[in-house]
Amino acid sequence: MRKSDLVLIAAVASMLASCSNEKFLEDNQDSLEAIGFASYSEKSTRGNVDSENNLEFYHNTFAVYGTKVNAKDATKFQYVFGGKAVTGNLKPDGVTCTYQTTADAVLGDWKYDGLRFWDKQANYKFIAYAPVSNANPIRYNYAAADSLVGAQGNWFKTNEDYVLQGTNLQATPTDTVIIKGFTVEAGEDLDLMISSCNSQIGKTHAEQVPLSFRHILSKLNVSIAKSKALQDCTVTINGLEITGLMDKGSYNESLYDISTSDSKVSGWTASKSDPYDYALIYDTLGQGGKVLNNGTFSTDNPPVFTKGKPFYFIESLVMPQSITAEGQVILTMNYTIQSGDYVEEFPYELDLYDVANLQKFDEGYNYTLNFTIDPDVIIFDANVSTWSDINANKIIEEED
């Protein structure tokens, strides 16, 4: 073979290698795309902070974990978001994503540091919790070193018991539920959320990874209105308190079961803190109490009465738990009714066990106890007993 032939063969081989490489890049990595997230609470439309279905309505941070596995060789994997699961640290920190009021040019609504790019030869799994806070006890726990996101035995758990403080969003009563406010910024009770695991194929990935979050605590609201009988009276709520609920809990997602059965199983194991002084409280704080709204009458004949909008006096997170007959979870309320110049005080007490729908608080459920103050008016009916007749007869005889 001549030297010139060798040169020609080498040139052809080089050209084939180049074409093959270009074809590989075209099919797998033709353009680098950053991994972005769209984070929801249950169902939602992305990017609306006024929608209760969007995570950004509640929190502006979440911590994400993500791993990728080579589609052709499962032994090749990488921790893309969050620390690596290693012996001695099976609950590493996730990567913080922060909501942007002005969308990031590359990542959109949720921004993280250090761009990650899609690998078209890999399959991914992502999972997250919210919010990111030192006070948030939730972490993603890997079952073993080198375990991947979504692997069997991986669960969200608490690092330590979480204790509720009794934060009440309705410290100043309003006529609507407030819903949000259990945040890092408030520095009190947190509306803890975890996401389901989301799988993505690198080659056909979603434009943004959709993470769907759910609440893992319960929420209790207490509203009060007055009836038609009190339309012309001033009804003032002077105080309301709920005592006896368990305030401390440890969480293990593996216990959670919301099957089709009637008995839902919570991931929380609840107890009372020691010392125990937990209560859900509406206190007038010397402000003179809250006067309930009057109702309205329609122009119909006869007029139809519609109750005035109720006020909410309690809106608090509750540790998921069951209430027993011996549990003594007691609601006490004090209110006054003024009719004309007469004012009367009314104490009220209710064992929450007596309300069937409040005998169990399931995680992710919002409970509302609606009161209508509707007393019977004291009415008198006067009658007179008739005279009882007694006849005394005397015959008068004339004397001779």
Side-chain angles (χ1 to χ4, degrees), residues 52 57-59 131 133 135-137 161-193 215-226 235-249 268 270-273 275-293 309-321 323 327-336 347-352 355 357-358 360-373:
E52 296 175 29
F57 178 84
Y58 303 93
H59 299 305
S133 165
N136 189 329
D161 287 342
Y162 186 60
V163 180
L164 292 172
Q165 305 301 312
T167 301
N168 180 15
L169 297 184
Q170 301 286 354
T172 300
T174 68
D175 59 11
T176 57
V177 287
I178 298 172
I179 302 174
K180 65 177 180 178
F182 304 106
T183 64
V184 175
E185 289 76 10
E188 298 181 1
D189 293 341
L190 291 177
D191 184 4
L192 302 176
M193 298 184 187
H215 307 270
I216 63 171
L217 290 168
S218 305
K219 189 160 81 75
L220 174 62
N221 315 304
V222 178
S223 76
I224 308 175
K226 66 179 184 179
V235 180
T236 305
I237 307 300
N238 297 306
L240 190 152
E241 182 174 80
I242 300 174
T243 57
L245 287 166
M246 290 184 279
D247 61 330
K248 182 171 72 171
W268 289 95
S271 60
K272 288 184 177 179
S273 57
Y276 177 80
D277 61 355
Y278 177 74
L280 304 180
I281 300 173
Y282 160 68
D283 191 337
T284 61
L285 301 175
Q287 298 174 11
K290 186 67 177 179
V291 176
L292 298 183
N293 287 321
K309 293 190 70 174
F311 282 109
Y312 289 86
F313 291 84
I314 297 289
E315 186 173 356
S316 298
L317 295 174
V318 173
M319 187 64 62
Q321 60 193 273
I323 294 176
Q328 293 297 301
V329 178
I330 304 298
L331 179 149
T332 56
M333 175 167 52
N334 293 287
Y335 61 94
T336 58
Y348 176 82
E349 183 174 294
L350 172 69
D351 187 335
L352 260 61
V355 183
N357 287 342
L358 296 182
K360 189 168 184 284
F361 288 89
D362 288 306
E363 62 181 85
Y365 279 75
N366 181 44
Y367 298 82
T368 300
L369 177 58
N370 299 307
F371 284 100
T372 298
I373 298 178

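Note that this is a predicted model, so its numbers are computed, not measured. In what follows, every heavy atom counts, from backbone to side chain, and hydrogens, waters and symmetry copies are set aside.
For the atom pair S316 OG and N168 CG, the distance stands at 4.0 Å (nearest 0.5 Å). Note that CG of L317 is 7.5 Å distant from CG of L169, once rounded to the nearest 0.5 Å. The CG atom of L331 sits 6.0 Å away from atom CG of L352, with the distance rounded to the nearest 0.5 Å. The structure places CG of L164 at 9.5 Å from CG of L190, a figure rounded to the nearest 0.5 Å. Taking CD of Q165 as the reference point, atom CG of D277 lies at 8.5 Å (rounded to 0.5 Å). Atom CG in L192 sits 5.0 Å away from atom CG in N136 (nearest 0.5 Å).
A perpendicular orientation is assigned to the rings of F313 and F311, their planes being inclined by more than 60° (bins at 30° and 60°).
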(Q) Go through it in stages, so that I can follow the logic: the residues are T183 and E185, the test is side-chain hydrogen bond (donor to acceptor under 3.5 Å, both in side chains), and I'd like the CA-CA distance, side-chain angles, deciding distance and then a yes or no. (A) CA-CA 5 Å; T183 64; E185 289 76 10; 3.3 Å; yes
**Q.** Chi angles and distances behind the side chain to side chain contact (heavy atoms under 4.5 Å, CB included) call for Q170, I314
**A.** CA-CA 6 Å; Q170 301 286 354; I314 297 289; over 6 Å; no
Q) Taking it one step at a time, do Y367 and V318 satisfy side chain to side chain contact (heavy atoms under 4.5 Å, CB included)? A) CA-CA 10 Å; Y367 298 82; V318 173; over 6 Å; no
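Residues D189 and T167 share a closest heavy-atom pair of OD2-N, 3.0 Å. Taking every heavy atom of both residues into account, L217 and P320 meet most closely at CD2-CD, 3.8 Å. Among all heavy-atom pairs drawn from M319 and F361, the shortest one is O-CB, 4.4 Å. The two residues L280 and G166 come nearest to each other via the heavy atoms CD2-CA, 3.9 Å. Across Y162 and A135, no two heavy atoms sit closer than the pair CE1-O, 3.7 Å. Taking all atoms of both residues into account, the shortest heavy-atom contact from W268 to I216 is NE1-O, 2.6 Å.
Under the salt bridge (Lys or Arg N to Asp or Glu O under 4.0 Å) criterion, K219 pairs with E315, not counting sequence neighbours. For T176, the side chain to side chain contact (heavy atoms under 4.5 Å, CB included) partners two or more places apart in sequence, or in a different chain, are T174, K309. In terms of the ring-ring contact (aromatic ring centres under 6.0 Å, His included) criterion, residue partners of Y335 (sequence neighbours excluded) are, by chain and number, F346. Under the ring-ring contact (aromatic ring centres under 6.0 Å, His included) criterion, Y348 pairs with F371, sequence neighbours left out. When the ring-ring contact (aromatic ring centres under 6.0 Å, His included) test is applied to Y278, no partner is found at least two apart in sequence or on another chain.
A donor-acceptor contact shorter than 3.5 Å links the side chain of Y58 to the backbone of E52. Listed for the D191 side chain is no donor-acceptor partner under 3.5 Å among the backbone atoms of G181.
Residue S223 is tested with N370, T368, D175 for a side chain to side chain donor-acceptor pair (under 3.5 Å); the sole match is N370.
When side chains are defined from C-beta on, I224 does not count as touching K290, because their heavy atoms never get closer than 4.5 Å.
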Sequence neighbours left out, cut at 3.5 Å: what donor-acceptor pairs do the side chains of residues 235-249 make with other protein atoms?
residue, atom, partner, partner atom, Å
D247, OD1, S273, N, 2.9
D247, OD1, S273, OG, 3.4
D247, OD2, S273, OG, 2.6

